[in-house]
Amino acid sequence: MTAMVKAEAVHKRFGRLEVLKGITLEVDRGEVMCILGPSGSGKSTFLRCINHLDKINAGRLYVDGELVGYRERGAKLHELPEREVARKRAQVGMVFQHFHLFPHMTALENVTLAPVQVSKVSRDEARKRGTELLGRVGLADKLNTYPVALSGGQQQRVAIARALAMRPKLMLFDEPTSALDPELVGEVLEAMRQLAREGMTMIVVTHEMGFAREVADKAVFMDDGVVVEAGQPEDVLGSPKHERTRTFLSKVL
């Protein structure tokens, strides 16, 4: 069976700064992978490469068996037109640290915008699905509420519903709780747990070690642009093999 995400020796540079130094990883369908590591280790950049928000400089990156951002002819890569990149990007949901909701739109309007404008779904169908999704993340009573009247945790759950509205085959979470007050973290993690229970393939960059231990099928520790250690969460978090992993965990656990 084809892996949902397959990275082969992925490199990414910004000018002279090499941020990813040969990342090789696989995420199977229905799996949850949690990526851990210090700030600046390349975790968020790797997520952005999966969505082709950042273009890789070397290696190969596949989502659902297809190259991300490129077509291969012979042994050469040819960049896809932006329209085709955007069409494929729509199949991958991404939730960032900050919610980026449109302040002039209600929760439901935020969730229905992309399906109507990008996927050409009818307004009625989009509203029906948006209402269902907001209910799934515990916001059935906030459909007509504007972001300014929502807590940070509620806004992040609207952002999750908005990503799900495009019916993605893969969800990427870039430290989705790091901008939240501590008492609001649990409600967002619970929405993510529910997604995992439903079989959504997810890659989660997080500092929430309890969540990683409980929900992840694979845990990955990155540092300085490389995968230092990867495996079962109980192994990586409970009895890490590498000194760098042990040092990091001693500071966060």
Side-chain angles (χ1 to χ4, degrees), residues 4-5 27 30-37 39 42-54 63 68 86 88-103 105-115 118-119 126 129-130 132-139 142 145 147 150-182 184-212 214-218 220 222:
M4 182 58 82
V5 178
V27 185
E31 261 192 345
V32 178
M33 175 183 280
C34 283
I35 303 181
L36 319 164
S39 297
K43 309 181 301 294
S44 297
T45 299
F46 180 59
L47 283 197
R48 291 175 61 85
C49 289
I50 294 171
N51 227 355
H52 205 58
L53 293 169
D54 288 336
V63 170
V68 173
K88 291 189 175 183
R89 188 181 288 138
Q91 300 172 342
V92 180
M94 188 151 183
V95 177
F96 299 88
Q97 290 181 29
H98 299 286
F99 331 118
H100 304 301
L101 299 180
F102 292 110
M105 292 183 171
T106 65
L108 184 57
E109 287 167 345
N110 266 283
V111 171
T112 58
L113 182 68
V118 178
S119 302
R129 175 147 171 85
E132 175 207 327
L133 287 170
L134 286 166
R136 266 170 65 186
V137 296
L139 295 173
K142 301 292 184 186
T145 304
L150 296 171
S151 71
Q154 290 169 334
Q155 290 187 60
Q156 191 62 297
R157 285 185 282 152
V158 173
I160 292 172
R162 177 179 60 183
L164 291 172
M166 294 298 286
R167 301 186 184 276
K169 57 178 76 169
L170 167 68
M171 285 285 284
L172 308 175
F173 292 88
D174 188 8
E175 299 194 24
T177 59
S178 65
L180 300 178
D181 291 334
L184 302 176
V185 168
E187 62 194 48
V188 174
L189 294 180
E190 184 48 43
M192 293 167 64
R193 278 190 199 94
Q194 184 57 38
L195 275 185
R197 287 193 285 267
E198 292 165 6
M200 175 63 75
T201 311
M202 296 159 58
I203 304 179
V204 185
V205 169
T206 185
H207 290 297
E208 300 292 338
M209 298 300 153
F211 176 83
E214 176 193 348
V215 179
D217 299 293
K218 288 179 184 164
V220 173
M222 280 179 65

Measure the shortest side-chain to side-chain distance between [X] and [Y] over non-hydrogen atoms and say whether it is less than 4.5 angstrom.
X    : Y    : value
T201 : V27  : yes
P115 : R129 : no
T206 : E175 : no
Q91  : P168 : no
I160 : L195 : yes
L164 : M166 : no
F102 : L113 : yes
V204 : M33  : no

| Hey, mind stepping through V63 and I50 against side chain to side chain contact (heavy atoms under 4.5 Å, CB included) and telling me if it holds? | CA-CA 8 Å; V63 170; I50 294 171; 3.9 Å; yes
Write down the atom of [X], the atom of [Y], and the distance for their closest heavy-atom approach.
X    : Y    : result
E187 : S151 : OE2-OG, 3.9 Å
A163 : G93  : CB-CA, 4.1 Å
G153 : V188 : O-CG2, 3.6 Å
V95  : A159 : CG2-O, 4.2 Å
V32  : A196 : CG2-CB, 3.8 Å
V111 : G130 : CG1-CA, 3.7 Å

| message | I'd like to know whether M94 forms a side chain to side chain contact (heavy atoms under 4.5 Å, CB included) with L47, so could you lay out the CA-CA distance, the side-chain angles of the two residues, the decisive distance to 0.1 Å, and finally the verdict. | response | CA-CA 9 Å; M94 188 151 183; L47 283 197; 3.9 Å; yes
Got a second to check how far [X]'s [atom1] is from [Y]'s [atom2], nearest 0.5 Å?
X    : Y    : atom1 : atom2 : answer
E31  : M200 : CD    : CE    : 14.5 Å
Q154 : L139 : CD    : CG    : 6.0 Å
L172 : M202 : CG    : CE    : 10.0 Å
L36  : H207 : CG    : NE2   : 8.5 Å
Q155 : T145 : CD    : OG1   : 11.0 Å

| query | Can you check side chain to side chain contact (heavy atoms under 4.5 Å, CB included) on F211 and R193, steps first, answer last? | reply | CA-CA 8 Å; F211 176 83; R193 278 190 199 94; 4.0 Å; yes
| Test log, rule salt bridge (charged side-chain N to carboxylate O under 4.0 Å, His left out), inputs R162 and E109 | CA-CA 9 Å; R162 177 179 60 183; E109 287 167 345; over 6 Å; no
| query | With a 3.5 Å cut-off and no angle check, do the side chains of D174 and S44 form a donor-acceptor pair? | reply |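 Yes - a donor-acceptor pair under 3.5 Å links their side chains.
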| query | Do you see a donor-acceptor pair shorter than 3.5 Å between the side chains of Q194 and E198? | reply |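 Yes - a donor-acceptor pair under 3.5 Å links their side chains.
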Short question: side chain of [X], backbone of [Y] - any donor-acceptor pair under 3.5 Å?
X    : Y    : result
K43  : G37  : yes
Q156 : P176 : yes
N110 : L101 : no
R89  : N51  : yes
R48  : D54  : no

| message | Pair V205, F173 - check side chain to side chain contact (heavy atoms under 4.5 Å, CB included), show working. | response | CA-CA 6 Å; V205 169; F173 292 88; over 6 Å; no
